[in-house]
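Please read the structure below before turning to the comments.
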Amino acid sequence: MTTRNIAAIDLGASSGRVMLASYQPEQQRLQLREVSRFANRLQQRGGQDCWDLDALEHHIRQALDRLDEQGIVLDSIGIDTWGVDFVLLDAQGQRVGEAVSYRDARTQGVMAQAQRTLGRSAIYQRTGIQFLPFNTLYQLRALREQQPELVKRVAHLLLIPDYLHFRLTGQLNWEYTNASTTQLLNIESDQWDTELLAWAGVPAHWLGKPTPPGNRVGYWTSARGQQVPVIAVATHDTASAVLATPLQDADAAYLSSGTWSLMGIESPVPIVNPRSLAANITNEGGATGYRVLKNIMGLWLLQRTTQELNISDLPVLIAQAAQQPACRSLVNPNDERFINPVNMCHTIQAYCREQDMPVPETPTQLVRCIFDSLAMLYRQVAQELATLHGRPLSHLHIVGGGSQNHFLNQLCADACGLAISAGPIEASTLGNVGCQLMALDAVTDISQFRRIVAQNFPLQHFTPRDNPDFAAHWPQFQSLSQ
């Protein structure tokens, strides 16, 4: 059998990449080659924080054209991106308004308004989705209230990966895993919830029926005339990352570590009960079953801090932070003030000042504060997941770009008291590839694909150490996160 050539387009909230995957079925050998990597930065447009979708599409098309020029015959193309954000189209398929980012301030107060009107418990029972102020449900209500002139021009609403599918193929699609992030999908029916749509002010005809991952949307036509299938993979990047995570057993958890950290377990059924609501645990659709997880602000705090301080040598900074006293200063990374502050360093310092903790002044103190705080939050979420799971967690698999941070991996192992396997780094890209290979019948199922990942992409392992600092400061952190 010939080599399968797969183009995987993986767009995160801070960067994007187009990768060529080559799979040899007989040897089950899988290789990745980077075709293109580019920044994904917010743009200020009309007073709003927006995505530059034209630039992203340009990078994607440029990379695909490059592969075509090299004479590479592609078997398929797949796209995954971050969740919750969307594009509005008119009847002619033209964009209506901007692609506003979830980090924009337009949703301030909207989530509280929804909870007062509809009831927090009622929303959660309908959707099983974590309450985050930027969920699509609240973005749409804000749009209706703040820009009503746009609404009457809209014919379709597409989430970001499906908009890019549309741009490549001309076909409309609503892929399930990303649809499940919106807090608009009914967890019982897996269809759009009409009551929530009505509250948001969204006509039901804007949205089509959600389709499972592996759906062939249409075809991209290359300059040389190639007709390449475009497959709607598990288009939410975390769903793809989890698909590629070689979980050891049914009690293992995963941590997709990047701009966001997403920590969870796989479950054949959603876990929706008073405990999961109290812990603000989400139930997002996966390539199979549910991803029972929690969104954690993640390395966004580090990215913004190093950007503001013009620090480019991250390994040196991390090594210096490792020499700082542990848990001297702690923040709750999930505090809403960290979503998109004017100045991240000042916001962290102000938080510590409010809590009567030592204020981190130097870059290394700031970074150590971020790492210790993340490790503490990982510990809290791991405990919440174990309680909901009904059994102790056996292992934690850290995947994504953040899995390269050995210091943070060790802190996580120490704080959670769990053995950790780190890797693969390009987990969302690999999950994207795996979904395409399954759609092409080149791989049988997820279990086989995870074995292929494990044998082609070696993991690194971290053993928990006795770290009294975490135990000593645990009550203090718990008070921050209540």
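When atom types are taken as modelled, the side chain of T169 and the backbone of G218 share no donor-acceptor pair closer than 3.5 angstrom. K294 places no side-chain N or O within donor-acceptor distance of the main-chain N or O of Q130, the cut-off being under 3.5 Å. In terms of modelled atom types and a separation under 3.5 Å, the side chain of D85 and the main chain of S101 share no donor-acceptor contact. At least one donor-acceptor pair closer than 3.5 Å links the side chain of D162 to the backbone N or O of E175. Formation of a donor-acceptor pair under 3.5 Å by the R291 side chain with backbone atoms of G285 is found in this model. Here the side chain of S222 pairs a donor or acceptor atom with the backbone of G225 at under 3.5 angstrom. N409 places a side-chain N or O within donor-acceptor distance of the main-chain N or O of S403, the cut-off being under 3.5 Å. Between the side chain of Q171 and the main chain of H165, no donor-acceptor pair closer than 3.5 Å is present. When atom types are taken as modelled, the side chain of E426 and the backbone of G401 share no donor-acceptor pair closer than 3.5 angstrom. Between the side chain of T136 and the main chain of V84, a donor-acceptor pair closer than 3.5 Å is present.
The distance from the CG atom of N295 to the CG atom of L262 is 4.5 Å, given to the nearest 0.5 Å. A distance of 11.5 Å separates CH2 in W174 from CG in N215, rounded to the nearest 0.5 Å. The line from CD1 of I370 to CG of L301 is 5.0 Å long, rounded to the nearest 0.5 Å. Considering CG of L137 and CD1 of I129, their distance stands at 11.0 Å, rounded to 0.5 Å. The OH atom of Y138 lies 9.5 Å from the CG atom of L184; values are rounded to the nearest 0.5 Å. With values rounded to the nearest 0.5 angstrom, L459 atom CG is found 10.0 Å from T245 atom OG1.
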Exercise. Walk me through it: do D249 and S394 pass the test side-chain hydrogen bond (donor to acceptor under 3.5 Å, both in side chains)?
Key: CA-CA 8 Å; D249 54 56; S394 62; 2.7 Å; yes
Exercise. Carefully, step by step, assess H406 and F462 under the rule ring pair (Phe, Tyr, Trp, His ring centres under 6.0 Å).
Key: CA-CA 9 Å; H406 295 175; F462 299 83; 5.7 Å; yes
Exercise. Mind running side chain to side chain contact (heavy atoms under 4.5 Å, CB included) on I271 and Y290 for me, showing each step along the way?
Key: CA-CA 9 Å; I271 300 177; Y290 291 85; over 6 Å; no
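With respect to the salt-bridge test (charged N to carboxylate O, under 4.0 angstrom), the residues R450 and E266 qualify. By the 4.0 Å N-to-carboxylate-O rule, R95 lies close enough to D54 to be salt-bridged with it. Note on D52 versus R45: salt bridge recorded, some NZ/NE/NH1/NH2 to OD/OE distance being below 4.0 Å. A salt bridge does not link R153 with D90: none of the charged nitrogens is closer than 4.0 Å to a carboxylate oxygen.
Classified by interplanar angle (parallel below 30°, tilted 30° to 60°, perpendicular above 60°), the ring pair W260/F134 is perpendicular.
Scored by the side chain to side chain donor-acceptor pair (under 3.5 Å) test, D441 finds no partners at all (sequence neighbours excluded).
Using a 4.5 Å heavy-atom threshold, the side chains of L89 and V96 count as separate. Contact annotation: the side chain of L157 approaches that of L88 to within less than 4.5 Å [non-hydrogen atoms, C-beta and beyond]. Proximity of R61 to L168: side-chain heavy atoms (C-beta onward) are separated by under 4.5 Å at one or more points. Here the side chains of D80 and T177 are not in contact, with every heavy-atom distance at 4.5 Å or above. Under the 4.5 Å side-chain criterion, counting only non-hydrogen atoms from C-beta, L396 is not in contact with Y254. Contact annotation: the side chain of T127 never approaches that of D193 to less than 4.5 Å [non-hydrogen atoms, C-beta and beyond]. Put simply, the side chain of Q62 reaches to within 4.5 Å of the side chain of H59, judged on heavy atoms. At a threshold of 4.5 Å between non-hydrogen side-chain atoms, the residues I420 and H395 do not count as touching.
Under the side chain to side chain donor-acceptor pair (under 3.5 Å) criterion, the residue pairs touching residues 194-207 are R126-E195, with sequence neighbours excluded.
In terms of heavy-atom proximity, F449 sits nearest to L430 at CZ-O, 3.1 Å.
The cationic atom of R120 (NZ for Lys, CZ for Arg) lies less than 6.0 Å from the six-membered ring centre of F131 and within 45° of the ring axis.
Taking a 6.0 Å sphere around CZ of R66, one finds it holds more than 12 heavy atoms contributed by other residues, nucleotides or ligands. Enclosure of atom CD in Q28 by more than 12 non-hydrogen atoms of other residues, nucleotides or ligands within 6.0 angstrom is indicated. For R29, the CZ atom is loosely surrounded, since the number of other residues' heavy atoms within 6.0 Å does not exceed 12.
With hydrogens and angles left out, the side-chain atoms of S15 and R17 include a donor and acceptor closer than 3.5 Å.
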